[in-house]
Amino acid sequence: MRTSSREVRGIPYFLLKEYLQEMGGELVEEDLIKAPGWMVLLTRMEPYRLGSLSIGQTRLDIEIEDELADDFFERFSKKTLRAGA
């Protein structure tokens, strides 16, 4: 079992939960999504401030079986990829 933490900025909290559910997870508590072999706890963090700009950020604490990790993180990275303008 592998444990990993990530901080995600600029993607709304509700959208991160939706992405994880699209990846096969089930919302079992307000901030906890579980699937066979992995679970993610989401924690809203204080917004990141850049001058007058405020950017939402969320911490993800991920527990995942080793053999699922590479595929999970690759799929999650693709879901959260954002192109600049």
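Closest approach of Ile64 to Ala69, counting heavy atoms only: CD1-CA, 3.7 Å. The two atoms that bring Pro36 and Leu68 nearest to each other are O-CD1, 3.7 Å, heavy atoms only. Residues Arg59 and Glu7 share a closest heavy-atom pair of NH1-OE2, 4.1 Å. Pairing each heavy atom of Arg6 with each of Ser77, the nearest pair is NH1-OG, 4.3 Å.
Both Leu15 and Leu60 are members of a single hydrophobic cluster when ILVMFWY side chains are connected at heavy-atom separations under 4.5 Å. Linking Ile, Leu, Val, Met, Phe, Trp and Tyr whenever their side-chain heavy atoms come within less than 4.5 Å puts Leu42 and Phe14 in one cluster. Linking Ile, Leu, Val, Met, Phe, Trp and Tyr whenever their side-chain heavy atoms come within less than 4.5 Å puts Ile33 and Ile11 in one cluster.
Sorted by first and then second residue, the pairs that involve residues 36-49 and meet side chain to side chain donor-acceptor pair (under 3.5 Å), not counting sequence neighbours, are Arg49-Ser54.
Legend: residues meeting side-chain contact (heavy atoms from CB on, under 4.5 Å) with Asp71, ordered by chain and number and at least two apart, are Arg75. Here Glu29 pairs with nothing under the salt bridge (charged side-chain N to carboxylate O under 4.0 Å, His left out) rule; sequence neighbours left out. Take Arg2 and apply the salt bridge (charged side-chain N to carboxylate O under 4.0 Å, His left out) test, not counting sequence neighbours, and it matches Asp66. In this structure Asp70 satisfies the salt bridge (charged side-chain N to carboxylate O under 4.0 Å, His left out) test with no other residue, sequence neighbours excluded.
Expressed to the nearest 0.5 Å, how far CD of Glu65 lies from CE of Met39 amounts to 12.0 Å.
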Would you tabulate the side-chain donor-acceptor contacts of residues 16-28 under 3.5 Å, counting partners in other chains and residues two or more places apart, or write 'none'?
from, atom 1, to, atom 2, distance (Å)
Lys17, NZ, Glu30, O, 3.1
Lys17, NZ, Glu30, OE2, 3.2
Tyr19, OH, Arg82, NH2, 2.8
Gln21, NE2, Lys17, O, 3.2
Glu22, OE1, Lys79, NZ, 2.7

Checklist entry - Under the side-chain contact (heavy atoms from CB on, under 4.5 Å) criterion, do Phe73 and Ile62 qualify, and how do the steps go? => result CA-CA 10 Å; Phe73 288 115; Ile62 305 160; 3.7 Å; yes

